[in-house]
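Okay, structure first, notes after.
All residue numbers refer to positions in the sequence shown, counting from 1. The basis for the numbers below is simple: all heavy atoms, side chains too, and nothing from hydrogens, waters or symmetry mates. Bear in mind the structure is a predicted one, so any value in this text is a computation, not a measurement.
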Amino acid sequence: MTMKSSNDQQGITLSNLKFFNSQLYFINFFGHILLFGSGLLIGITLTFFLENFSFQIQHFQVQSFTLNPPSNISLSPPNPIPSHDHHHNNQTEISIKQDCLVINKTNDIGSNGLEDFLKVPSAMHDMNEDELFWRASMFPMIGKLPFKQTPKVAFMFLTKGAVLLAPLWEKFFKGNEGLFSIYIHPNPSFNETVYDQSSVFYDRRIPSKEVVWGENSMIEAERRLLANALLDFSNQRFVLLSEACIPLFNFSTIYNYLMNSKQTFVEANDIEGNVGRGRYRYTMKPLIQLSQWRKGSQWFQIDRFLALQVISDEPYFSVFKQYCNPPCYSDEHYLPTLVSIKFWERNSNRTLTWVDWSKGGPHPSSFIRPQVTWEFLEGLRFGSTCDYNGETTNICHLFARKFTTNALDRLLRFAPKLMQFN
């Protein structure tokens, strides 16, 4: 009896254990199903969320570029874009639509983009200086020209008012149209009506600012002249002149001398004493060291490459503007120092403009009528020797200063035979 009761109890216990195991199996089974379903639902939800988020990010980026372009990108054309016939598809046209650049294919036979790009602005334009220097600094990376070009010499006159010896220069330029350009930087108050419409100086005034002798406004004016001259892609040589300068040879001699030269003409000398190293400012370090400080004539003759470097220069120009003030005269030191540091291998270390400093003082000698003789001018033309393209020559100066209007009649009398004008 006791034995049977004990067996019955063991049977009940085994039965209960099997039942409990069955329930635990079903609980685990349904738990796995529930966990798998939850994971699947979370995965689907997360995938949808990420796709939607990515779309929003892309949309935001597109809107950000459209609404806030870089400051150097213009979204409006400088001039109204003419309407075109869109039925042709041989030429690319860029137009502005809904704040975006839209490129379409058109065939506008009447349009010539290259001519428009090469068109030279008039001397008196409405660009501010930031626009002028940005436009002038453009440089084509492909050297071979896709068009025919006659190289020109840019004659840049830095004056107080009128070109005092204009009648002599008129004879010099006559018959050489297409080989030169003229730019005049006078005082802003100057009345330009002194030139009639037949003059080569008519309408050649550039937007100018007041220039004070010895101050940084001098080099600012020189850079301004260069920037305006660089707008004409045909200008390949650049000559700085004053109202008191004269040519010593005829146009073809000067033109060929400049165009055939392998070097530029910037005088840059290391001079000890008060007028040289004495003008250096130690605050210019570390950009400019005393050993790099140079002095030279203000009157230069340079090529297009160097002209682009000068108007694009920011670090050296900024240092001179800040630290080179009288008795540091920047017009005698800025370009000589810049060329000496960065472009020395291209430079001849001499100027083509003769000036007489023999009497000393802050200004060179001036010449009046009695001093202008045949022998005097002949000495300026052939009285020295120098190097030109690796050979010795006795033509070292193409220009001279300072000549007064009192000497003009003699200069006009000597010019046809001595200088072989016309």
Side-chain angles (χ1 to χ4, degrees), residues 136-137 153-158 183 185 214 216 218-230 235-242 245 247-248 254-255 257-271 275-277 279-280 284 287-317 319-321 324 328-357 364 384-390 393 395-401:
S137 66
V153 178
F155 292 86
M156 308 178 301
F157 291 85
L158 178 56
Y183 303 88
H185 187 297
N216 283 301
M218 294 280 281
I219 58 173
E220 290 174 348
E222 293 173 12
R223 284 162 50 98
R224 201 173 295 123
L225 278 163
L226 283 172
N228 279 275
L230 282 166
N235 289 330
Q236 296 299 314
R237 288 279 171 167
F238 303 79
V239 178
L240 182 66
L241 301 160
S242 75
C245 286
L248 294 174
I254 291 178
Y255 178 89
Y257 195 101
L258 292 171
M259 288 299 177
N260 294 328
S261 175
K262 299 176 182 178
Q263 294 180 304
T264 57
F265 298 91
V266 178
E267 188 180 58
N269 299 314
D270 183 7
I271 300 176
V275 299
R277 289 196 173 198
R279 295 176 179 175
Y280 174 75
M284 294 180 171
L287 185 66
I288 303 174
Q289 305 290 333
L290 176 61
S291 60
Q292 299 172 315
W293 185 252
R294 296 293 183 269
K295 179 188 177 181
S297 171
Q298 174 186 7
W299 312 103
F300 59 77
Q301 300 80 28
I302 62 179
D303 59 14
R304 190 173 184 90
F305 170 82
L306 184 52
L308 284 164
Q309 304 305 312
V310 173
I311 66 114
S312 302
D313 169 49
E314 182 60 31
Y316 293 92
F317 179 64
V319 167
F320 267 84
K321 283 191 65 176
C324 185
C328 175
Y329 302 106
S330 57
D331 60 292
E332 295 182 355
H333 297 280
Y334 167 67
L335 191 57
T337 300
L338 176 67
V339 170
S340 177
I341 294 173
K342 300 191 67 176
F343 311 106
W344 189 245
E345 71 284 354
R346 303 173 55 88
N347 189 50
S348 64
N349 191 25
R350 64 185 179 95
T351 176
L352 298 179
T353 302
W354 181 88
V355 183
D356 181 13
W357 288 99
S384 57
T385 59
C386 56
D387 179 87
Y388 177 78
N389 288 346
T393 179
I395 300 179
C396 301
H397 297 105
L398 304 182
F399 312 96
R401 66 186 301 266

Minimum heavy-atom separation for [X] to [Y], with atom names?
{"X": "Arg401", "Y": "Trp299", "result": "NH1-NE1, 3.3 Å"}
{"X": "Ala136", "Y": "Leu308", "result": "O-CD2, 3.4 Å"}
{"X": "Leu230", "Y": "Ile311", "result": "CD1-CG1, 3.7 Å"}
{"X": "Tyr183", "Y": "Ala154", "result": "CE1-CB, 4.0 Å"}
{"X": "Ser297", "Y": "Thr351", "result": "CB-CG2, 3.9 Å"}

Exercise. Under the ring-ring contact (aromatic ring centres under 6.0 Å, His included) rule, collect the residues that match up with His333, sequence neighbours excluded.
Key: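 His333: ring-ring contact (aromatic ring centres under 6.0 Å, His included) contacts with Trp293.
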Practice problem: With sequence neighbours left out, write down each residue that passes ring-ring contact (aromatic ring centres under 6.0 Å, His included) with Phe157, or none if nothing qualifies. | Solution: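 Residues passing ring-ring contact (aromatic ring centres under 6.0 Å, His included) with Phe157: Trp169, Phe201.
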So, the side chain of [X] versus the backbone of [Y]: is there a donor-acceptor pair under 3.5 Å, distance only?
{"X": "Asn389", "Y": "Asn260", "answer": "yes"}
{"X": "Gln292", "Y": "Ile341", "answer": "no"}
{"X": "Tyr257", "Y": "Ile395", "answer": "yes"}
{"X": "Asp356", "Y": "Pro364", "answer": "no"}
{"X": "Tyr316", "Y": "Ile288", "answer": "no"}
{"X": "Asp331", "Y": "Met218", "answer": "no"}

Just how far is it from atom [atom1] of [X] to atom [atom2] of [Y], taken to the nearest 0.5 Å?
{"X": "Phe300", "Y": "Leu306", "atom1": "CZ", "atom2": "CG", "value": "8.5 Å"}
{"X": "Leu398", "Y": "Ile254", "atom1": "CG", "atom2": "CD1", "value": "5.0 Å"}
{"X": "Gln309", "Y": "Thr264", "atom1": "CD", "atom2": "OG1", "value": "11.5 Å"}
{"X": "Phe320", "Y": "Leu335", "atom1": "CZ", "atom2": "CG", "value": "9.5 Å"}

Quiz item: Is there a side-chain contact (heavy atoms from CB on, under 4.5 Å) between Leu226 and Ile302 once you walk through the steps?
Solution: CA-CA 10 Å; Leu226 283 172; Ile302 62 179; 4.0 Å; yes
Exercise. Check the pair Arg294, Trp344 against side-chain contact (heavy atoms from CB on, under 4.5 Å), reporting the backbone distance first and the verdict last.
Key: CA-CA 12 Å; Arg294 296 293 183 269; Trp344 189 245; 5.8 Å; no
Please tell me if the side chains of [X] and [Y] come closer than 4.5 Å, counting only heavy atoms from C-beta onward.
{"X": "Arg277", "Y": "Asp270", "value": "yes"}
{"X": "Glu222", "Y": "Tyr334", "value": "no"}
{"X": "Gln301", "Y": "Ser261", "value": "no"}

Quiz prompt | side-chain contact (heavy atoms from CB on, under 4.5 Å) evaluation trace for Asp387 with Ser348 | solution = CA-CA 8 Å; Asp387 179 87; Ser348 64; over 6 Å; no
Quiz prompt | No-hydrogen, no-angle side-chain donor-acceptor test under 3.5 Å, Thr353 and Gln298 | solution =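 No - no donor-acceptor pair under 3.5 Å links their side chains.
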Practice problem: Any chance you could lay out the side-chain contact (heavy atoms from CB on, under 4.5 Å) test for Tyr388 and Arg350, step after step, and finish with the verdict? | Solution: CA-CA 11 Å; Tyr388 177 78; Arg350 64 185 179 95; 4.3 Å; yes
Exercise. Check each of Gln263, Gln236, Arg346 against Asp303 using the side-chain hydrogen bond (donor to acceptor under 3.5 Å, both in side chains) test, and report the only one that passes.
Key: Arg346
Quiz prompt | For Cys324, disulfide bond (SG atoms under 2.5 Å apart) partners two or more places apart | solution =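 In terms of disulfide bond (SG atoms under 2.5 Å apart), with neighbours along the sequence ignored, Cys324 is linked to Cys328.
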Quiz item: What pairs with Glu332 under salt bridge (Lys or Arg N to Asp or Glu O under 4.0 Å), at least two apart in sequence or on another chain?
Solution: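 Testing Glu332 for salt bridge (Lys or Arg N to Asp or Glu O under 4.0 Å), a comparison that skips the adjacent residues, returns Arg279, Lys295.
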Quiz prompt | Asp313/Lys342 salt bridge by N-O under 4.0 Å criterion | solution =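 A salt bridge is absent here (no side-chain N lies under 4.0 Å from a carboxylate O).
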Quiz prompt | For Arg224, side chain to side chain donor-acceptor pair (under 3.5 Å) partners two or more places apart | solution = Glu129, His185
Practice problem: Applying side-chain contact (heavy atoms from CB on, under 4.5 Å), name anything that partners Ser384, two or more places apart in sequence or on another chain. | Solution: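 Result, side-chain contact (heavy atoms from CB on, under 4.5 Å) vs Ser384: Cys396, His397.
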